[in-house]
Amino acid sequence: MAEKSFAAALNEQISNEFAASQQYVAAAVYYDTETLPRLAAFFYRQALEEREHAMIMIRYLLDVGESVEIPDIKAVPTTYADGSEPVKMALEQEKRVSQEIFSLFELARELKDYRAEQFLQWFVKEQVEEVALMGDLLNVVERSRENLLLAEDFIAREKMGEEGADPTAPPAADEAE
Ligand code: FEO
């Protein structure tokens, strides 16, 4: 028998998503301080996406009649050794989140919670995209290590991370029903 309920595990993931959002705000602030506005904008957008992930999970718990816990906010550093470090951190974070989503998926299967399993499908796809995006960005910043203005040009030209809202995303708690 599973050690915890799916709702408890999803509440933990809501905390992880808000933490990821904070982490990306910190990365954005770092790049903003370094006058690298495209990298800053990229991470401000990612921060909003992570908040959106938390809101989608909150909507799901509300819809299935479970209680929602809103976590404490922990401080995160806004200084980094160099311009590629925030992206390395972000790639590691996205890989970790993928594993967390897989664990939730396994729990849903173990509990035979079919609606939870179906709910998580979108997150499995989303994590493939997010890991790929951060991997691409890491290539770009590492190639531009001596001059991050080259990365700024690339991000602007290729509109990295500007795909806009995904119409297949499940509903979020803060959107009108
Ligand atoms: Fe919500 Fe990028 O994981």
Side-chain angles (χ1 to χ4, degrees), residues 4 6-31 38-64 66 68-78 80 84-108 113 115-141 151 155 158-175:
K4 63 176 114 170
F6 185 79
L10 194 59
N11 267 303
E12 279 174 24
Q13 191 59 30
I14 288 169
S15 177
N16 294 340
E17 300 290 337
F18 277 127
S21 182
Q22 290 291 106
Q23 191 67 251
Y24 288 163
V25 171
V29 166
Y30 165 78
Y31 287 120
R38 300 291 179 170
L39 279 155
F42 179 94
F43 278 100
Y44 285 129
R45 269 194 309 275
Q46 290 302 311
L48 285 177
E49 277 200 26
E50 298 306 339
R51 181 183 181 280
E52 183 77 358
H53 294 166
M55 288 296 164
I56 289 171
M57 291 172 182
I58 289 171
R59 166 56 61 206
Y60 176 80
L61 287 176
L62 291 169
D63 284 351
V64 296
E66 296 284 357
V68 177
E69 292 159 28
I70 304 300
D72 282 351
I73 297 175
K74 291 198 185 72
V76 287
T78 55
Y80 296 92
S84 65
E85 205 188 299
V87 187
K88 281 187 201 146
M89 172 275 296
L91 179 57
E92 287 314 305
Q93 179 164 280
E94 292 302 342
K95 287 180 178 171
R96 192 169 61 244
V97 171
S98 296
Q99 291 305 320
E100 290 162 358
I101 296 293
F102 296 156
S103 296
L104 282 165
F105 206 99
E106 280 165 24
L107 181 61
D113 187 340
R115 59 190 183 182
E117 189 174 320
Q118 193 278 334
F119 168 71
L120 289 167
Q121 299 270 359
W122 181 81
F123 285 95
V124 173
K125 174 188 77 123
E126 176 74 355
Q127 280 314 117
V128 172
E129 289 169 13
E130 296 215 324
V131 170
L133 179 63
M134 287 304 175
D136 287 347
L137 187 63
L138 186 58
N139 280 337
V140 171
V141 293
I155 292 165
E158 300 298 327
K159 301 190 182 346
M160 276 188 102
E162 288 184 42
E163 293 75 25
D166 178 350
T168 68
D174 58 345
E175 75 188 50

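In listed order, ligands and their atoms are each counted from 1. In what follows, residues are counted from 1 in the order of the sequence shown.
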* Structure fact -> Looking at His53, the N, O or S atom sitting nearest atom 1 (Fe) of ligand 1 is ND1
* Glu50 and Gln46: side-chain donor and acceptor closer than 3.5 Å? -> no
* N/O/S atom of Glu17 under 2.8 Å from atom 1 (Fe) of ligand 1, yes or no? -> yes
* Mutual orientation of the aromatic rings belonging to Tyr60 and Phe6 [parallel < 30°, tilted 30-60°, perpendicular > 60°] -> perpendicular
* Rounded to 10°, how big is the angle at atom 2 (Fe) of ligand 1 from Glu130 OE1 to Glu50 OE2? ->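 Answer comes to 100°, rounded to 10°.
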* Does atom CZ of Arg38 have more than 12 heavy-atom neighbours, drawn from other residues, nucleotides or ligands, at distances under 6.0 Å? ->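 Atom CZ in Arg38 is not crowded, with 12 or fewer foreign heavy atoms closer than 6.0 Å.
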* Is a salt bridge present between Asp166 and Lys125, judged by a nitrogen-to-oxygen distance below 4.0 Å? -> yes
